[in-house]
Amino acid sequence: MTQGTTDRSFFTHNAAELAKQVQDGEVRAVARVISLLENRDPIGAAVLTHLSPSMNRAFVIGITGYPGTGKSTLIDQLIIAYRRLGQKVGVLAVDTSSPVTGGAVLGDRIRMQRHTDDPQVYIRSMATRGHQGGLAAATRQAIRVLEGAAYGVILIETVGVGQNELDVMHVVHTVVAVVAPGLGDDIQAMKAGLLEIADIVVVNKGDREGADATLRDLREWCKTVIRTVAVKGEGIAGLIAVIAEHERWRDLDSPELHKRRGLSIDLGTRAG
Ligand SMILES: Nc1nc2c(ncn2[C@@H]2O[C@H](COP(=O)(O)OP(=O)(O)OP(=O)(O)O)[C@@H](O)[C@H]2O)c(=O)[nH]1
Ligand SMILES: [Mg+2]
């Protein structure tokens, strides 16, 4: 890598070549470029300049919620549903847990494992690697790589507990907050953070006691509240429908969307 950064022609050639491989949908190139971006290698940024930001437009959906609410199980079901709709699906599990334990990473991988043989599904964990503030930026760049490789649906999982993770949700079009029944007072706390940024609220574990009460409570607060039982695939079609409804409202060229996704900033810094 350092070899490439010292030789300018090699550098340019390498970045252009990698961008081409990404656009050809080569999974290894996609993985490599995202790693370069995570490591803030300049070749990663150079690849982005070769990927036209308006070329492919994906549905970018954020799935956030407290630990253990069923986000990964829900994503596993969404992958199935979007694959049935013929979409190529990318998943970024944004992991802010300790890089030493990596517990959440392993858990996420296991729950979505059945898709690993499907070449139209790309699942990746993204870690903070110590640079707290850069996670949203790295996620936004990874989205551009996946869009370049023609992934039509991109799902981003975060545990929406810290500011860093809430920031990640600013790079998506549709924010889905996943809640499990029986939170009690926690709902009050969530209203100041998680629920404030949610476009859609999912009450997952709808098979659990207290689901009705949680649904009632949240419906007073949020416009779109969906009940799911992710382990059984219940409510997934309804969720897909409200996500599609929400995505329809986004204006592809709206300044707000450009701001949210940082496209205007990226365009401003592109090499001429
Ligand atoms: N009863 C019930 N259990 C569920 C449901 N959905 C998920 N679970 C279980 O809840 C546990 C946590 O599910 P995950 O999908 O890993 O939750 P998560 O939100 O991704 O967890 P973290 O990534 O660790 O924050 C697992 O044991 C699931 O099987 C559901 O609808 N009903
Ligand atoms: Mg998970």
Side-chain angles (χ1 to χ4, degrees), residues 60-83 89-116 121-128 135-136 139 142 153-169 172 174-184 186-187 189-190 193-195 197-218 225-240 242-243:
V60 186
I61 303 153
I63 311 286
T64 184
Y66 287 2
T69 49
K71 299 178 295 296
S72 297
T73 312
L74 207 57
I75 288 172
D76 179 64
Q77 293 289 342
L78 288 172
I79 294 170
I80 295 170
Y82 282 119
R83 289 294 297 121
V89 184
V91 181
L92 301 173
V94 176
D95 179 33
T96 51
S97 70
S98 157
V100 179
T101 62
V105 178
L106 188 62
D108 284 328
R109 289 214 178 121
I110 286 168
R111 253 178 271 292
M112 300 171 204
Q113 198 136 45
R114 60 171 140 174
H115 304 289
T116 50
V121 177
Y122 177 73
I123 298 169
R124 159 138 198 159
S125 294
M126 293 195 52
T128 48
L135 193 59
T139 306
V153 173
I154 301 168
L155 302 163
I156 318 273
E157 174 176 343
T158 68
V159 179
V161 286
Q163 189 57 47
N164 198 28
E165 287 159 319
L166 291 176
D167 283 348
V168 169
M169 287 296 120
V172 310
T174 302
V175 177
V176 178
V178 184
V179 174
L183 283 163
D186 279 355
I187 286 190
M190 274 193 293
L194 207 60
L195 297 181
I197 61 160
D199 300 303
I200 296 161
V201 176
V202 166
V203 177
N204 186 43
K205 308 198 184 186
D207 53 330
R208 288 260 183 98
E209 205 179 318
D212 289 329
T214 304
L215 276 161
R216 258 197 314 276
D217 192 351
L218 288 169
V225 184
I226 299 279
R227 177 197 197 117
T228 60
V229 183
V231 281
K232 294 183 188 158
E234 289 175 24
I236 304 302
L239 177 57
I240 295 266
V242 293
I243 290 171

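The figures here come from the full heavy-atom set of this structure, side chains too, leaving out hydrogens, waters and symmetry mates. For ligands, and for the atoms within them, numbers begin at 1 and follow the listed sequence.
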Nearest 0.5 angstrom please: [X] [atom1] to [Y] [atom2], how far?
X: Ile80; Y: Ile75; atom1: CD1; atom2: CD1; value: 12.5 Å
X: Ile61; Y: Ile243; atom1: CD1; atom2: CD1; value: 4.5 Å
X: Leu194; Y: Thr64; atom1: CG; atom2: OG1; value: 5.0 Å
X: Thr214; Y: Arg208; atom1: OG1; atom2: CZ; value: 11.0 Å
X: Met169; Y: Asp199; atom1: CE; atom2: CG; value: 10.5 Å
X: Leu74; Y: Ile63; atom1: CG; atom2: CD1; value: 6.0 Å

Report summary line: Closest heavy-atom approach to atom 7 (C) of ligand 1 among Thr73, Thr158, Val178 is made by Thr73
Report task. Would you mind finding which of Lys71, Arg208, Lys205 brings a heavy atom closest to atom 10 (O) of ligand 1? Result ->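 Nearest heavy atom to atom 10 (O) of ligand 1 lies in Lys205.
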Looking only at distances, can you tell me whether any N or O atom of [X], backbone or side chain, sits closer than 3.5 Å to an N or O atom of ligand 1?
X: Ala230; answer: yes
X: Gly68; answer: yes
X: Gly70; answer: yes

Requested in this report: May I ask whether Lys232 has any heavy atom positioned less than 4.0 angstrom from an atom of ligand 1?
Outcome: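 Judged by the 4.0 Å heavy-atom criterion, Lys232 does not count as contacting ligand 1.
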Using a 4.0 Å cut-off to any heavy atom of [X], which atoms of ligand 1 qualify?
X: Val159; value: 25 (O)
X: Glu157; value: 20 (O), 23 (O)
X: Pro67; value: 25 (O)
X: Ser72; value: 15 (O), 18 (P), 20 (O)

Query raised in the report: About how large, to 10 degrees, is the angle OG of Ser72, then the Mg ion (ligand 2), then OE2 of Glu157?
Result: 90°
Requested in this report: Tell me which part of Asp207 gets within contact of ligand 1: side chain, backbone, both or neither, using heavy atoms under 4.0 Å.
Outcome: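 For Asp207, the contact with ligand 1 is made by the side chain alone.
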**Report entry** side-chain contact (heavy atoms from CB on, under 4.5 Å), paired with Lys71, selected from Leu155, Val159, Asp76, Thr158
**Finding:** Val159
Requested in this report: Scan Ile200, Val202, Leu215, Val242 and name whichever one has a side-chain contact (heavy atoms from CB on, under 4.5 Å) with Val225.
Outcome: Leu215
